[in-house]
Each structure stands twice: as structure tokens, then as C-alpha cells.
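Since the structure is predicted, the reported quantities are computational estimates derived from the model, not experimental observations. Quick note: numbers below take in every heavy atom, side chains included, and nothing from hydrogens, waters or symmetry partners.
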Amino acid sequence: MSVIRAVAVGYGHYLPKRVVENAEFEESLDTSDEWIRARTGIERRHFAADGELTSDLAFEASKAALENAGLEASDLDAIVLATATPDQTFPSTATKLQHALKMKGGFAFDIQAVCAGFIFALSTANSMILSGQAKRVLVVGAETFSRILDMKDRGTCVLFGDGAGALILEAQEGTGESADRGILSTDLNSDGAYNDLLYVDGGVSSTQSTGVLRMQGQEVFKHAVSKLAATGETAMQAAGVTAEDIDWIVPHQANLRIIKRTAQKMGVSMDKVVQTVQDHGNTSAASIPLALSVAAANGQIKRGDLLLMEAIGGGLAWGAATLRW
Ligand code: ACO
């Protein structure tokens, strides 16, 4: 049976120039490189320069993805951009990116599911492609989390970084089997009962200010491992594949201990897990497309490989997707 699949035809990423090593936090906080490495796996992260915006990061990653795909912005029907750190309250960062790319037609909009944003954006783009609404969609995750950190809170400020990743999806024919290239399944979840575990203490309607990130780290940790493993299983089942079929898990890069425990729970060995958290920290919605792009560029991920992506973040919101590269 012939079906439409959303196939990845281009990828790219961008990291701001400034690298912040763990040791830099030792100057202003009661913390250490050893503590941060041991508890999170993070060694360094990138922070955007003054005046460098989320849309600037998204632009560089998108340009690289278009070049990688051999496409022009005019070949795109839509942009779906996941971010929790938009340039402005409105318009959307996606429309700023659309303008920067000189894309005249089509449509662009933002998705807000914090660290799970890329999975939600990917699922949305997939649905638009399967329904025939769009043929080529640029899916972007871009964040400047450094702008919403309380630099006096050692429990949160050492965890996050800035960056952007982009993936271009294109409608192609498949057979309906799990051997098809493209997105095979997605699974989305949220539960607003957990709003208080991870949030920003400001906002347009509440305080008319931006606010900073607040988190109950241990609670988030516990939810992360069980919910990520469950959504991963659901996505694999929906695709008709098992853990043995997975070539690479491309997890949200929040904490190496979460990544390890989730992989273990799903029965996938760590040599099949893409790891960039050591160099990027947690870049929220940008973390999966960044990891994808880095692993594809360095030859880890090869055409035909079966990928499982999974992420969780504020909301709580969480989800997973399987994709044959
Ligand atoms: N340096 C040194 N000590 C620290 C630091 C730090 N950077 N941060 C916290 N501590 C201290 C605490 O103050 C506490 O001290 P106390 O015992 O004197 O009170 C001690 O370390 C233990 O604190 P815990 O919060 O229990 O430490 P834990 O081992 O849970 O690690 C961490 C904290 C890393 C935040 C962990 O809970 C975690 O990774 N949680 C997941 C949260 C996450 O990744 N969130 C990202 C967004 S959601 C997502 O993307 C999945």
C-alpha cells in the first residue's frame, strides 16, 4: 500500500560562539566542575552574545539545513519553530525566521512545549504533511535559555545553554511498512497538574515581565525517567518496532543520568545513544535537532538508521517519535 511519509531531507545546527566551561561558574557560585559533571554530565555550554536573538540562531541552523538539503527557502511550504524563549511576545519567532530566510509564500508559526517542543513541532509538521497541507516543512528548535536563568541559583543556572537545530521534512511515498524512510510514529503527552515542578516565574498576563526559571530538580528527574521510557515504548509500538530495532536513541539532552536510566529502562545500550549534553548543556527545544545534526554530520547516524527521539519538559509535556533516517 502506498502511503505518504515525512522524510528528513536536510539538517543543520548553530551554536553561539561563546563557550562557558563549568569552571566559569566557580567564580560566582558555590559549585564546582566536579559536581556539575558528576550530577549532570555537562562540561560546557554555549551562551548567545548580547543582541544575538533566538531568531538569529534559528536562521543560521535553517540556512545550514537548506544547504544540506540542496533547497531554497522558496521550496518550503511552512516553518514550525519550537521555542520557549521567543525574540518577542509576538510576532512569532517563526515569522521573523521566515522573513530572514526571504521566504515569501507559505506560513510560519511557533510551538511552545518547552524542552519537548521539538517533538511537538515534528509531530505537527508530520500531520501537515500526511494531510496534504504541506509538502516541505522546516522544523526548528531554537532557544536562548541563558536569558531566563537566575545566575544566583546554582541548582538551575549550570544546566542550560543556547543553540538551534533544524530539520527539513519532505512528503515522499512509502509502503506503510516500518522499513520506510521518514517519520514512522509520534506520541505526545502533557499533564498540567505538574506546572509547579518547572516554570518561569513571570509572563505577559501574570507579571508583565519575563521572569526566571524555577525547578524542583529531583521531582522532575523522577518524572523524566518513567515518562520518557513510557512514551518511547508507545512510539516504538505505534511504529511496529522494538528496542532491538533501534539504531540510535536521540534523547533530549538534559542530564546524562536521565539519559542513561531511560535507555536502560527501554533496554537500549548506551553505545546506541547520541550524547551531546556534555558540550551543549540543556538547550530545551533545540537539544534534539542539535544532537541529530551533530550525529548526522559526524557520520554516527546513517541513511536508513532507525531513530527514537524522546523529550520531556515544563508542563509537564513529553513525547517521542520514531524516524527512519
Ligand atoms: N553545585 C553544587 N551543589 C549543588 C548544585 C550545584 N550546581 N546544585 C544543587 N546543589 C546542591 C543542593 O543545594 C543540595 O545541597 P544540600 O544537600 O546542602 O541542600 C545538594 O546539591 C543536592 O541537591 P539535589 O537537588 O538533591 O541534587 P540532585 O542530585 O537531585 O541534582 C539536579 C540536581 C542536577 C538538578 C537533578 O535533580 C536533575 O538533573 N534533575 C532533572 C532536572 C532537569 O534536568 N531539568 C531540566 C529541565 S526538564 C528536562 O529537560 C528533563
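Between Ile148 and Thr210, some side-chain heavy-atom pair lies under the 4.5 Å cut-off. Under the 4.5 Å side-chain criterion, counting only non-hydrogen atoms from C-beta, Leu292 is in contact with Met309. Considering only heavy atoms from C-beta on, Val250 comes within 4.5 Å of Ile301 through its side chain. In this structure, the side chains of Glu60 and His13 stay at 4.5 Å or more apart for every pair of heavy atoms. Side-chain atoms of Leu66 and Leu76, non-hydrogen and from C-beta on, do get closer than 4.5 Å to each other. Side-chain contact check for Leu213 versus Leu198: some heavy-atom pair is nearer than 4.5 Å. With a 4.5 Å cut-off on side-chain heavy atoms, Thr175 and Val3 do not count as touching. When side chains are defined from C-beta on, Leu101 counts as touching Phe59, because their heavy atoms get closer than 4.5 Å.
With respect to the salt-bridge test (charged N to carboxylate O, under 4.0 angstrom), the residues Asp247 and Lys272 do not qualify. Of the charged side-chain nitrogens involved, at least one lies within less than 4.0 Å of a carboxylate oxygen, so that Arg37 and Glu43 count as a salt-bridged pair.
Membership of the apolar cluster around Leu290 extends to Leu15, as traced through chained side-chain contacts below 4.5 Å between ILVMFWY residues. Other members of the hydrophobic cluster containing Leu57, listed by chain and number, are Tyr14; membership follows side-chain contacts under 4.5 Å among ILVMFWY residues, whether direct or relayed.
Side-chain contact, Asp245 with Thr242: a donor N or O sits under 3.5 Å from an acceptor N or O. Checked by atom type, the side-chain pair Asn189/Asp187 shows a donor-acceptor distance below 3.5 Å. Residues Ser2 and Glu173 bring a donor and an acceptor atom of their side chains to less than 3.5 Å of each other. Side-chain contact check for Thr40 and Asn255: no donor-acceptor pair (N or O, by modelled atom type) lies under 3.5 Å. Using a 3.5 Å distance cut-off with no hydrogens or angles, the side chains of Arg45 and Asn22 do pair a donor with an acceptor. Between the side chains of Glu143 and Thr85, at least one donor N or O sits under 3.5 Å from an acceptor N or O. There is no side-chain donor-acceptor pair under 3.5 Å between Thr231 and Thr234. Thr144 and Thr54 are linked by a side-chain donor-acceptor pair at a separation below 3.5 angstrom, with hydrogens and angles left out of the test.
With sequence neighbours left out, the salt bridge (Lys or Arg N to Asp or Glu O under 4.0 Å) criterion links Asp150 to Arg214. Not counting sequence neighbours, Asp305 has no partner by the salt bridge (Lys or Arg N to Asp or Glu O under 4.0 Å) test. Listed by chain and residue number, nothing satisfies the salt bridge (Lys or Arg N to Asp or Glu O under 4.0 Å) test with Arg181 (two or more places apart in sequence, or in another chain). Qualifying side-chain hydrogen bond (donor to acceptor under 3.5 Å, both in side chains) partners for Arg324, counting only residues two or more places apart in sequence or in other chains: none. Under the salt bridge (Lys or Arg N to Asp or Glu O under 4.0 Å) criterion, Asp77 pairs with no residue at all, not counting sequence neighbours.
The structure places CG of Leu169 at 5.0 Å from CD1 of Ile129, a figure rounded to the nearest 0.5 Å. Taking CZ from Phe160 and OG1 from Thr283, the interatomic distance works out to 10.0 Å, rounded to the nearest 0.5 Å. Rounded to the nearest 0.5 Å, atoms CD1 (Ile312) and SG (Cys115) are 9.5 Å apart. Here Asn68 contributes atom CG and Leu167 contributes atom CG; the two are 9.5 Å apart, rounded to the nearest 0.5 Å. Annotation: the span from Leu197 atom CG to Met215 atom CE amounts to 10.0 Å, rounded to 0.5 Å. Remark: Glu177 CD to Leu184 CG distance equals 10.5 Å, nearest 0.5 Å.
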Original post:
What do the steps show when you test Met128 against Asn126 for side-chain contact (heavy atoms from CB on, under 4.5 Å), and what is the final call?
Top reply: CA-CA 5 Å; Met128 294 193 310; Asn126 184 46; over 6 Å; no
**OP:** Go through the steps for Val140 and Thr93 under the test side-chain contact (heavy atoms from CB on, under 4.5 Å), then give the verdict.
**Re:** CA-CA 10 Å; Val140 187; Thr93 303; over 6 Å; no
Subject >> Worked check of salt bridge (charged side-chain N to carboxylate O under 4.0 Å, His left out) between Glu24 and Arg18 >> reply: CA-CA 12 Å; Glu24 211 174 298; Arg18 186 175 165 222; 2.5 Å; yes
Subject >> Steps toward side-chain contact (heavy atoms from CB on, under 4.5 Å) verdict (Glu310, Ile288) >> reply: CA-CA 8 Å; Glu310 28 93 342; Ile288 288 180; 6.0 Å; no
Original post:
Taking it one step at a time, do Asp201 and Ser206 satisfy side-chain contact (heavy atoms from CB on, under 4.5 Å)?
Top reply: CA-CA 9 Å; Asp201 63 4; Ser206 53; over 6 Å; no
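Residues Phe120 and Trp318 place their aromatic rings such that the two centres sit no closer than 6.0 Å.
Side chain of Lys302 to backbone of Gly299: a donor-acceptor contact under 3.5 angstrom is found. Within the 3.5 Å criterion, the main-chain N or O of Pro251 finds a donor-acceptor partner in the side chain of Gln253. No donor-acceptor pair closer than 3.5 Å links the side chain of His46 to the backbone N or O of Val19. In this structure, Asp87 contributes its side chain and Ser55 its backbone to a donor-acceptor pair below 3.5 Å. A donor-acceptor pair under 3.5 Å is formed between the side chain of Thr83 and the backbone N or O of Ala142. With hydrogens and angles disregarded, a donor-acceptor distance shorter than 3.5 Å links the side chain of Glu52 to the backbone of Ala49. With hydrogens and angles ignored, the 3.5 Å screen pairs a side-chain donor or acceptor of Asn195 with a backbone N or O of Gly315. Between the side chain of Thr95 and the main chain of Pro91, no donor-acceptor pair closer than 3.5 Å is present.
The hydrophobic clustering, which links ILVMFWY residues whose side-chain heavy atoms are closer than 4.5 Å, places Met236 and Ile183 apart. The hydrophobic cluster containing Val139 also contains Phe109, counting ILVMFWY residues as joined when their side-chain heavy atoms lie under 4.5 angstrom apart, directly or transitively. Trp325 and Ile168 fall into different hydrophobic clusters, where Ile, Leu, Val, Met, Phe, Trp and Tyr side chains are chained together by heavy-atom contacts under 4.5 Å.
Sorted by first and then second residue, the salt bridge (Lys or Arg N to Asp or Glu O under 4.0 Å) pairs with a member in residues 216-241 read Glu219-Lys222; sequence neighbours excluded. The ring pair (Phe, Tyr, Trp, His ring centres under 6.0 Å) analysis of residues 239-281, with sequence neighbours excluded, yields no pairs. Contacts classified as side-chain hydrogen bond (donor to acceptor under 3.5 Å, both in side chains) and involving residues 102-123 (residues at least two apart or in different chains) are given here: Ser123-Thr186. Within the structure, every pair that satisfies the ring pair (Phe, Tyr, Trp, His ring centres under 6.0 Å) test and touches residues 195-231, not counting sequence neighbours, is listed here: Tyr194-His223.
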Do any side-chain atoms of residues 262-270 form donor-acceptor pairs under 3.5 angstrom with protein atoms, and if so which ones, sequence neighbours left out?
{"residue": "Thr262", "atom": "OG1", "partner": "Ile258", "partner atom": "O", "Å": "2.7"}
{"residue": "Ser269", "atom": "OG", "partner": "Asp271", "partner atom": "OD1", "Å": "2.4"}

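Atom CD of Gln88 has more than 12 heavy atoms from other residues, nucleotides or ligands within 6.0 Å.
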